[in-house]
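Worksheet for the structure shown next.
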Amino acid sequence: MSATEEFVGTRPVAAAHRFDVAALDRYLSARIDGFRGPIAVEQFSGGQSNPTYKLSAGGRSYVLRRKPPGKLLPSAHAIDREYRVISALASTAVPVARTHCLCEDESVIGTAFYVMEFVAGRIFWDPRLPGLMREERRAIFDELNRVIAALHSVDYAAIGLADYGKPGNYFARQIDRWSRQYKASETGRIEAMDRLIEWLPKNIPAGDRTTIVHGDYRLDNVIFHPAEPRILAVLDWELSTLGHPMADLSYHMMAWRLAADEFRGLRGVDCEALGIPTEDAYLDLYLRRTGTTERPSARAWSFYLAYNLFRLAAILQGVMARALAGNAASAQAQDSGRRARPIAELGWNEVERSS
C-alpha cells in the first residue's frame, strides 16, 4: 500500500451507530438545495470519537458527523462547535469543507449531527511520504506549513468567533485540565508525568497570544488534492478553540521529535535526503508566514514540546484506563495506552535537555 489513501475508507454502518435513514432523508430534503434521496449510508473506517458517515444521494456525496449514542460527558463530542468553526472559516484562506446544515433536534436520528460536503482526495499517513519524489515531499510539507500559518493569522473576532474560547492564560488552563484528566485515569505511577505536572505550570514562557487553534493538526487530518500538493480541507475540529498558537504549532511539529513506532514520527529520518524540511527550517518558514519577528528561545520551544508530550501522554493514559475498564477494544487500546509512559519520559527528557 502506498503512503496515500483515498478518503473513501468506508464500511457498513455498525449496529450501534445505525439510525432512521428515512427520517434523515426527509430532514435533508427540506434543508439542502438539490438534495434528492433515497440515501445510501456507509460509515467511515477509523477511530473518530464522533461517528462519521458518507451519504450518497441523487448522484452527490455528503459527510454526516454526529454525536455518538448513549450517555456522554456534558462538554464532549461538541459537533455544534465543529460546525461553527468550519462554517466561519469558509470565508478565510483556511481550506475547509462546505457545511450544509446543523441539526440539534435529537428526535431526527437520535443524536445531534451536521452535514458537510464530501471532499475527495488523498490522506497521507506516514510523514516520510514513501512513494513520493523528493520535490513532492517538499511541496507537501510547505502546504502543511502554509495552512497552519493561515489558521493562526485569521482575525477570529472578524469571522464571529470572539467567544469561541477564553483568550489568554491558555497553557495554565490546559496544564491544569490535563493534569486532572491524567490523575483521574491513572493506572500506575509514571514518574515522568508526576515531574511534568509539577514543572510545567512553574515554567510557562512569558508572553501571551491568542488565535484559533485546531488542537490536532497533523498530516493525516488534512485532505490533499488528488494530484496536486494542495490541501482541500482540514478535518477533525473537535479540539479546536481559542488558544496559544505555539501550543498548536509545537503539537504539529512533535513529528520531528517522535520515532515512527512512537506516533508516526520523523526522528532518526534523514530529512534532507527525503526533501523534508528540518525542524528549524519548518519553524522559520512558519514564523515568516505569520510575520512573527521573535523566534521562540530554545528554552521556550522545549517547554512547548514538553507540554505537548505531556498532553499526549495524558490522552494515551485515558485510552489505557478505558481499555482496562472494558470500554475500548482491549488489544488496540492497551497497545496505545502503553505508549503513555515512553511519551511522558520523552517529555521529561526534553525538560532535562533544556535545563
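For this chain, numbers begin at 1 and follow the sequence in order.
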Interatomic distance, CD@E279 vs OG@S250, rounded to 0.5 Å, equals 10.0 Å
Run the numbers on Y62 and M116 for side chain to side chain contact (heavy atoms under 4.5 Å, CB included), then give the verdict. CA-CA 6 Å; Y62 308 83; M116 60 184 171; over 6 Å; no
Roughly how far apart are W237 CH2 and L151 CG, rounded to 0.5 Å? 4.5 Å
Considering all heavy atoms, the nearest R353-E350 contact: NH2-OE2, 2.7 Å
Can we call the ring centroids of Y27 and F35 under 6.0 Å apart? no
Close side-chain approach of L285 to P277, heavy-atom, < 4.5 Å: no
Heavy atoms only: give me the nearest L219-L129 pair and the separation to one decimal. CD2-CD2, 4.1 Å
Hey, does the Lys NZ or Arg CZ of K67 hover above the aromatic six-ring of F113, less than 6.0 Å from the centre and inside 45° of the axis? no
Y164 vs S240, side-chain hydrogen bond (donor to acceptor under 3.5 Å, both in side chains): CA-CA, chis, key distance, verdict: CA-CA 9 Å; Y164 193 62; S240 63; 2.7 Å; yes
I want to check something: taking the side chain as every heavy atom from C-beta on, are Y304 and P296 in contact at a cut-off of under 4.5 Å? yes
Looking only at non-hydrogen atoms, find the nearest pair between L242 and V213 and report the distance. C-CG2, 4.3 Å
With a 4.0 Å cut-off on N to O distance, would you call D236 and R65 a salt bridge? yes
Could you tell me whether the side chain of F19 reaches within less than 4.5 Å of the side chain of T111, counting heavy atoms only? no
Is R122 reaching over with its side chain to a backbone N or O of H225, donor-acceptor style, under 3.5 angstrom? yes
Answer whether the closest heavy-atom distance between the side chains of H244 and F171 falls below 4.5 Å. yes
Quick check: do Q317 and Q181 have side-chain heavy atoms less than 4.5 Å from each other? no
For atom CD of E352, is the number of surrounding heavy atoms from other residues, nucleotides or ligands below 6.0 Å larger than 12? yes
Take atom CZ of R98 as the centre, draw a 6.0 Å sphere, and report whether it contains more than 12 heavy atoms from other residues, nucleotides or ligands. no
Side-chain donor or acceptor of N169 paired with backbone N/O of A172 under 3.5 Å: no
Using side-chain heavy atoms (C-beta onward) and a distance below 4.5 Å, is T211 in contact with V154? no
Using side chain to side chain contact (heavy atoms under 4.5 Å, CB included), reason through Q174 and Y307 one step at a time and then give a plain yes or no. CA-CA 9 Å; Q174 289 291 305; Y307 156 76; 3.3 Å; yes
Could you tell me the separation between the NE2 atom of H214 and the CG atom of L89, rounded to the nearest 0.5 Å? 10.0 Å
Using 4.0 Å as the upper bound for N to carboxylate O, is an ion pair formed by D194 and K183? yes
Using the ring centroid of each side chain, check whether Y286 and H252 are separated by less than 6.0 Å. no
Evaluate the side-chain proximity of V115 to I32: yes if any heavy-atom separation is below 4.5 Å, no if none is. yes
Aromatic contact between Y53 and F44, with the criterion being ring centroids under 6.0 Å apart: yes or no? no
One thing to verify: whether R84 and D163 come together as a salt bridge, which I'm taking to mean a side-chain N less than 4.0 angstrom from a carboxylate O. yes
Can you tell me how far CE of M253 sits from CG of D248, rounded to the nearest 0.5 angstrom? 12.5 Å
Evaluation steps, side chain to side chain contact (heavy atoms under 4.5 Å, CB included), between F141 and R146: CA-CA 9 Å; F141 274 87; R146 181 192 70 80; over 6 Å; no
Check this for me, if you would: do R295 and D284 make a salt bridge, where the nitrogen-to-carboxylate-oxygen distance has to be below 4.0 angstrom? yes
Of all the heavy-atom pairs spanning A233 and V119, show the shortest one and how long it is. CB-CG2, 4.2 Å
Would you name the heavy atoms of L196 and P201 that are closest together and state the gap between them? O-CD, 4.1 Å
Just wondering, do Y217 and L144 contact through their side chains at under 4.5 Å, heavy atoms? yes
Would you say CD of E136 has more than 12 non-hydrogen atoms from neighbouring residues, nucleotides or ligands within 6.0 angstrom? yes
First locate atom CG of L55, then atom CG of L24, and finally report the distance between them rounded to the nearest 0.5 Å. 6.0 Å
Please report the shortest heavy-atom distance between L249 and I148, naming the atom on each side. CA-CD1, 4.0 Å
Using the side-chain hydrogen bond (donor to acceptor under 3.5 Å, both in side chains) rule, take T99 and S87 through it: C-alpha gap first, then chi angles, then the decisive distance, then the call. CA-CA 6 Å; T99 55; S87 300; 2.8 Å; yes
Just wondering, more than 12 heavy atoms not from R134 lying within 6.0 Å of its CZ? yes
Nearest 0.5 Å, what's the OG1-CZ distance between T292 and R289? 13.0 Å
For a side-chain hydrogen bond (donor to acceptor under 3.5 Å, both in side chains) check, start with the C-alpha distance between H100 and E117, then their side-chain angles and the critical distance, and finish with the verdict. CA-CA 7 Å; H100 289 296; E117 69 173 330; over 6 Å; no
Does the side chain of D280 come under 3.5 Å of the side chain of T278 through a donor N or O and an acceptor N or O? no
Do D80 and Y114 have side-chain atoms, one donor and one acceptor, less than 3.5 Å apart? no
